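Worksheet: the structure to be examined is printed underneath.
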Amino acid sequence: MRALVAAQSRAVCVRAGHSVGSCGTRSPFARVQRAFSPVKLTQERTRAISLSSGTSQVLQRRVGTLALTQQIGHRCVTMGATANGASGGDPKLVALREKMAAADDGAGVAAYIIPSEDPHMSEYAPAHQERRRFISGFTGSAGTALVTTDQAHLWTDGRYWLQAEKELGADWTLQKADVAGVLELPAWLAKNLPSGSRVGVDPFLHTIDGARKLQKALKDSGLTLVPVVGGNLVDAVWADQPAASSATLRVHPTKLAGASVQDKLQLLRNDLSEQGVGAVIITALDEVAWLLNLRGGDVDYNPIFISYAIVTPEAATLYIDSAKVTAEVSEQLEGAGVEVQPYEQVLQDVEGLAAAGTRIWMDPSQVSLAISKAALDAAASRGQKRKAEDQAPAQPVLEARSPVTLRKSVKNEAELAGMREAHLRDAVAIVQFLQWLDDQVAGGATVSEVEVDRHLTARRQAQTGFVDCSFPTIAGEGPNGAIIHYRAAEPTCATVTKDSHLLIDSGGQYDVGTTDITRTMHFGEPTAHQKACFTRVLQGHIALDSAVFPPGTPGLALDTLARRSLWAAGLDYRHGTGHGVGAALNVHEGPISISKRTYITQPLLAGMVVSNEPGYYEDGSFGCRIENLLVIKDATTEHVFGGQPFLDFERLTLVPLQAKMIDLSLLTDQEKRWVDQYHEEVWAKVSPRLEGQTEPLEWL
């Protein structure tokens, strides 16, 4: 899958303020977000959390019927106005603007920010929390929506521009993030809203870091950030909002995890001792799953479950809907000393810890503003008592990266063995599928892009231990291949014929590991230009695959290797080159990235799994991408500078490249040897698993 730009960074300035909050279709934490029905225009009292004070404050209280015309900031707005100021327009926007006008006890907000993420900062949100998708109609996985009293905008990066242009309605304006001259969201607000205007956010949907940065940017422009509680405003207008998932958990065996729950908890408790804190809250869903050796099904394509975990030196608690906990899961948790509490209980327990003087470790890039404020408010109350007793109040929160993040990303030997096995199973499925597709097209059949997805998924489903796809399959024929995150749908999908250029990006979730692969092919005769573009992508792929680099190297330092050949021809691509991959977990995993993103400085470490996926996309014509997954490992070199081994890569993906797409005249002898050696490796490792399957074996 094209490299993760969004999951480890923000597609727009505010994206680090992604969501943490409820798992239900309405408010999960009744004590902070009151049971929420559509905001009443009479006697509705909501509370805005003050970012600057130590306690939550009621900023405005109004009782009585509100006038239809309200003063929001310094702008007078008639409720129900559309983007052009007239009645009518997108009914969802009309309804949302009514809620915006009535928000915060009728004080209202002039703008409302709607991030993509779910309440746990996940890249892929559960269906019932896809608020940005619902309000905008844009189905891509990355982007931030902004609705003002008279406009609606979507910021997203270059992977999604073509898709967004197709999906956004007439009331929406696409803002192409990272393009010169395109303002980031806070700057746009500063330019377009009058001084004193109020900008609303749901505090459960923005991180500590994100809210802090956004607040500063707005304050510097004379605007005010208003964390509005009482329920998410989009939820209030989402009449057919799906129900939350009720999928049960399953145990991820220790033999696949490589470490027991008890061992992982002990390492975490060692971290607490070293940092001098009394508790840590884990909010990222893949981190909870990894820590407790559990998997779930609450989010499509990702084997995770809606939950939190809190670990102290003496106890560990999983906050989850108990109906999801099977007898086998309960036995594992009890054996590791993990207690199960209702999901909604987490906020009260955070408050209780802070009120008792316990310092809590929170990752400011993952933990929500709402959870942080719960701790700060409780600690402030205790601090007032200590101050009265002439005792210095303790700092209630340690802001630092989650101790699970890096440990999870560096795979142990059992996890790496599972990843190798998953890729062998996946290779069998893909070879079988490509042989079938070649035969179908050569025989004169037409196969739709949707059928490509169905048949490929069916081949994977036949493999041992298949759980799900690891993301929605991207099967783009011709110009659709230039839409980096294209999703085929009937009846508008294209068909694959003898003249087709096809890009397929797909992956599988197996019980032992996670896969992600892209191949580009032509079923007729590719043009010289298509071959040249593909070959330059291949040269970049080879250059990165062959890299040897010193310890401490971040992905940023390697990104140029994958682009150099394209750059020499005046070409490039608008996505990262590589993203981390989880072991039987999320297909996109932090904290590493191989990309131009200068702020991602985490060094690549031995044991991490990363994608290698340069590409080229010609709008309205075709797209090329080649993607393999790689394991970072210690390199064998003649010298060992400084006594620390250098690093290189081991390939996991084992599927051949289409020879007819390669312009051999562009390849060096060394690059030709790489192609031959890769195909020899594919044959040696995959052909034994195709024994007795004459047609796939002949194709291979």
Side-chain angles (χ1 to χ4, degrees), residues 3 419-420 423-424 426-427 430-431 434 503 515-522 526 528-550 553 555 557-569 571 573 577-578 594 604 606 609-616 624-640 645-690 697-700:
M419 292 292 279
R420 295 184 185 102
H423 280 80
L424 285 169
D426 212 50
I430 295 171
V431 167
L434 291 176
L503 182 153
T515 71
D516 183 0
I517 173 177
T518 306
R519 290 294 182 266
T520 305
M521 62 212 73
H522 203 291
H529 178 58
Q530 288 171 333
K531 292 176 65 174
C533 293
F534 178 89
T535 304
R536 291 191 179 279
V537 170
L538 174 59
Q539 288 175 305
H541 182 95
I542 293 171
L544 180 56
D545 179 276
S546 306
V548 179
F549 50 96
T553 301
L558 302 183
D559 184 72
T560 303
L561 298 176
R563 299 179 191 268
R564 181 179 177 184
S565 181
L566 285 163
W567 284 354
L571 304 175
Y573 49 95
T577 299
I594 300 176
L604 304 179
V609 175
V610 66
S611 68
N612 173 8
E613 49 181 307
Y616 173 70
C624 297
R625 185 160 63 250
I626 302 170
E627 178 184 17
N628 285 354
L629 296 192
L630 309 171
V631 178
I632 303 168
K633 65 179 183 66
D634 290 341
T636 301
T637 55
E638 181 180 358
H639 305 285
V640 182
F646 275 45
L647 301 170
D648 63 5
F649 297 111
E650 169 196 344
R651 287 182 292 273
L652 289 174
T653 307
L654 297 166
V655 174
L657 306 168
Q658 190 180 53
K660 73 165 76 172
M661 289 295 297
I662 302 174
D663 183 346
L664 293 176
S665 69
L666 293 177
L667 294 184
T668 65
D669 289 343
Q670 184 177 358
E671 290 166 340
K672 292 175 184 176
R673 284 195 296 273
W674 184 97
V675 173
D676 288 342
Q677 290 169 358
Y678 177 61
H679 285 156
E680 289 170 2
E681 180 185 10
V682 170
W683 173 262
K685 293 182 177 179
V686 178
S687 62
R689 299 203 174 209
L690 292 169
L697 202 55
E698 288 178 353
W699 182 92
L700 182 63

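Keep in mind that the numbers below use all heavy atoms, side chains included, and drop hydrogens, waters and symmetry copies. Numbering starts at 1 and runs along the sequence shown. All values reported here derive from a predicted model rather than from experimental measurement.
What you find for Leu697 and Trp683 is that their closest heavy atoms are O-CZ3, 3.8 Å. Of all heavy-atom pairs spanning Cys533 and Leu571, the tightest one is SG-CD1, 4.1 Å. Of all the heavy atoms in Pro614 and Gly540, the pair that sits closest is CG-C, 4.1 Å. Shortest non-hydrogen contact noted between Lys672 and Leu667 is CE-O, 3.7 Å. Looking at every heavy atom in both residues, Ala427 comes nearest to Val686 through CB-CG2, 3.8 Å.
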Go through it in stages, so that I can follow the logic: the residues are Leu544 and Thr577, the test is side chain to side chain contact (heavy atoms under 4.5 Å, CB included), and I'd like the CA-CA distance, side-chain angles, deciding distance and then a yes or no. CA-CA 9 Å; Leu544 180 56; Thr577 299; 3.6 Å; yes
Go through it in stages, so that I can follow the logic: the residues are Leu503 and Cys624, the test is side chain to side chain contact (heavy atoms under 4.5 Å, CB included), and I'd like the CA-CA distance, side-chain angles, deciding distance and then a yes or no. CA-CA 6 Å; Leu503 182 153; Cys624 297; 5.6 Å; no
I'd like to know whether Leu561 forms a side chain to side chain contact (heavy atoms under 4.5 Å, CB included) with Phe549, so could you lay out the CA-CA distance, the side-chain angles of the two residues, the decisive distance to 0.1 Å, and finally the verdict. CA-CA 12 Å; Leu561 298 176; Phe549 50 96; over 6 Å; no
Run the numbers on Val431 and Leu434 for side chain to side chain contact (heavy atoms under 4.5 Å, CB included), then give the verdict. CA-CA 5 Å; Val431 167; Leu434 291 176; 6.0 Å; no
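When the shell of 6.0 Å around CZ of Arg564 is examined, it contains 12 or fewer heavy atoms from other residues, nucleotides or ligands.
If you take CG on Leu700 and CD1 on Ile430, they are separated by 12.0 Å, rounding to the nearest 0.5 Å. Here the straight-line distance linking atom CD1 of Ile542 with atom OG of Ser565 works out to 9.5 Å at 0.5 Å rounding. In this structure, CG on Leu664 lies 11.0 Å from CD on Glu671, to the nearest 0.5 angstrom. Here the straight-line distance linking atom CG of Leu424 with atom OG1 of Thr653 works out to 10.5 Å at 0.5 Å rounding.
Not one N or O on the side chain of Glu681 forms a donor-acceptor pair closer than 3.5 Å with the backbone of Leu654. Thr553 places a side-chain N or O within 3.5 Å of a backbone atom of Pro550 that can act as its donor or acceptor partner. Judged purely by atom type and a 3.5 angstrom limit, Gln677 has no side-chain atom pairing as donor or acceptor with the backbone of Trp674. At least one donor-acceptor pair under 3.5 Å links the side chain of Gln539 to the backbone N or O of Leu666.
Looking at heavy atoms from C-beta onward, Pro526 lies in side-chain contact with Lys660 at the 4.5 angstrom threshold. Contact of the Val548 side chain with the Leu647 side chain is not registered, since no non-hydrogen atoms from C-beta on lie closer than 4.5 Å. Side-chain contact between Asp545 and Tyr678 is absent, with no heavy-atom pair separated by less than 4.5 Å. Contact check for Ile626 versus Thr518: no side-chain heavy atoms found under the 4.5 Å cut-off. Between Thr520 and Gln658 there is no side-chain heavy-atom pair separated by less than 4.5 Å. Residues Val682 and Val655 form no side-chain contact, since every pair of their non-hydrogen atoms from C-beta on lies 4.5 Å or further apart. Counting heavy atoms from C-beta outward, Arg651 and His423 have side chains that stay 4.5 Å or more apart.
Residues Asp426 and Thr515 have side chains that bring a donor and an acceptor to within less than 3.5 angstrom of each other.
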Side-chain donor-acceptor contacts of residues 628-640 below 3.5 Å, not counting sequence neighbours, with atom names and distances?
residue : atom : partner : partner atom : Å
Asn628  : OD1  : Arg519  : NH1          : 3.1
Asn628  : OD1  : Arg519  : NH2          : 2.8
Asn628  : ND2  : His541  : NE2          : 3.4
Lys633  : NZ   : Asp648  : OD1          : 2.8
Lys633  : NZ   : Asp648  : OD2          : 3.4
Thr637  : OG1  : His639  : O            : 2.5

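The cationic group of Arg563 lies under 6.0 Å from the six-membered ring centre of Tyr573 and within 45° of the ring axis, placing it in a cation-pi geometry.
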